[in-house]
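Chain naming here is simple, since letters A, B, ... match the order of the sequence lines and numbering starts at 1 in each.
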Protein chains: 2
Amino acid sequence: MEVKLPTFDSVFSIDCVIFGFEAGELKILLIERNEEPFKDWLALPGYIVEQDESIDDAAERILYELTGLRDLHMQQFHTFGEVKRHPQGRVITVAYYALIRINGQKEVKPVTQYAKSAFWHPVNDLPKLAFDHSEIFNTGFNKIRRRLNYQPIAFELLPEKFTLTQLQSLYEAVLNKKLDKRNFRKKMLSYGFLKELDEKQKGVSYRAAKLYKFDRRKYAKIFQNELNLVQ
Amino acid sequence: MEVKLPTFDSVFSIDCVIFGFEAGELKILLIERNEEPFKDWLALPGYIVEQDESIDDAAERILYELTGLRDLHMQQFHTFGEVKRHPQGRVITVAYYALIRINGQKEVKPVTQYAKSAFWHPVNDLPKLAFDHSEIFNTGFNKIRRRLNYQPIAFELLPEKFTLTQLQSLYEAVLNKKLDKRNFRKKMLSYGFLKELDEKQKGVSYRAAKLYKFDRRKYAKIFQNELNLVQ
DNA sequence: ATTTAATGGTGTAATTTCGACACCTTATAT
DNA sequence: ATATAAGGTGTCGAAATTACACCATTAAAT
């Protein structure tokens, strides 16, 4: 049985591609839709912008309502405006991304009923998503893959204290290629924005690695703008 | 006397930052507005997206109507969605840029009455623009400045046949720094996508320079993606 | 015919960066 | 004590980058 739904005119919406890194894998946040169209499908967290909020504010609000996550540093990356991208009417959507630390984050959980659930899903094995969300994801993934090379975004995905091996495996996951351990360490340390801590990794059944911290102040001092972080 | 104007609800618009290069200077296309608000102000070419056209199509149409230019390769670069950015209501605008050859282009001239005139203006000396168009311009300028380093966009701004000095002065104008002549030539030629022609510059009162052409095919063969074009 | 003015066009050497490559060390579990 | 698993480290050749200065060519002016 098909449900007949009202159509509407011009609407702005926001869709979010939220990246996280866990167990050596890059993941994104998906929701299970609880509304037509595409009820029960998996989708990117997204919803409609209100009249009296900026799109940046809307992005924060919508992500919170659908996942319970707050205060992420979201960044707009592309606007999708094909006429038929939404079956019910003209919806132009501004896509945002954010990078977050999965560990230490409480469980993600929708606050509204528009979504049944929210969860992390590896980027390597994504199902078909609602609307044009697969395309939105691909565009966003390409953006951060490139940005990884000239902006220090990796550190937003790692815990505050991390090992060089973790950092390297994050680069390898995003760029999808193996990097040389010695060259990677040499280069990363040469920038001078990694602060070596007096602490070591805990709870591993092998030699514990030194922990490092990203020193945002030093980074800002060294580079006004940006740099080539890898090869 | 103040004119009272109707307000409206959610509206999408497009604004265009069209770059050109002439007489060693980088320029953009401005229009003189013929409508409230900001009647008589200078502004970026821009207007409202129709219900039944994609934003990419709208960008092409609007640019044509306001400047008479057609078939440019326009690219979206950012969406501006502050609540108060338009005095009459909620207008979210998607900004596009394009790079074009000014020479050989017929004079730019609006086709509709929304604009009184359209003309090229050097980027170094821009007046205050209507709405948030100064901010839109700055964002766009930063984008192409970065893109110049890894994509062959310079050739869209130059005539089809150009000298190495012209190419260099374009890079200098966009990056706003002096480059070394010998190193610049060495590097550009080393890529292998510049085709040396059997022709020379004409009409100059000094030694004529060799002309070159950008070989798009070779470029595509050599680089699947992109590269660092300068230092 | 000669000179002047303006830009065209070219090479080398020192330095830095990149990339390939392998082994010993340390901590834990058994 | 031994096995296991990852941590951590240096060198050398190749390639890329940077700094740097002078002669050549053309047209215009004299």
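- For the pair A:Lys178 NZ and C:dC21 P, the interatomic distance rounds to 16 Å; values are reported in whole Å.
- A side-chain donor from one of A:Thr165 and A:Arg185 sits under 3.5 Å from a side-chain acceptor of the other.
- No side-chain donor from either of A:Tyr64 and A:Asp71 sits under 3.5 Å from a side-chain acceptor of the other.
- Under the 4.0 Å criterion applied to side-chain N and carboxylate O atoms, A:Lys210 and A:Asp198 are not assigned as salt-bridge partners.
- Within 6.0 Å of NZ in B:Lys195 there are 12 or fewer heavy atoms belonging to other residues, nucleotides or ligands.
- No cation-pi contact links B:Arg147 to B:Tyr150, judged by a cut-off of 6.0 Å to the six-membered ring centre and 45° from its axis.
- For D:dT18, its base sits under 3.5 Å from the side chain of B:Lys186 at one donor and acceptor pair at least.
- Of the candidate nucleotides D:dA21, C:dG19, D:dG7, D:dG7 has the atom lying nearest to any side-chain atom of A:Lys181.
- Regarding contacts with the backbone of D:dT17, a side-chain N or O of B:Lys187 is found under 4.0 angstrom from either OP1 or OP2.
- If you measure from atom CZ of B:Arg182 to atom P of D:dT17, you get 17 Å, rounded to the nearest angstrom.
- In this structure, CG of B:Asn183 is placed 12 Å from C1' of C:dA13, rounded to the nearest angstrom.
- Side-chain N/O atoms of A:Arg185 include one lying less than 4.0 angstrom from OP1 or OP2 on D:dG8.
- Proximity of residues 200-213 of chain B to DNA chain D (heavy atom under 4.0 angstrom from any strand atom) is restricted to B:Val204, B:Ser205, B:Tyr206, B:Arg207.
- With rounding to whole Å, A:Asp180 atom CG is found 16 Å from D:dT11 atom P.
- Here D:dG7 is the nucleotide among D:dG7, C:dG11, C:dG9 with the atom lying nearest to any side-chain atom of A:Thr165.
- Under a 3.5 Å cut-off, the side chain of B:Glu32 and the backbone N or O of B:Trp41 do not form any donor-acceptor pair.
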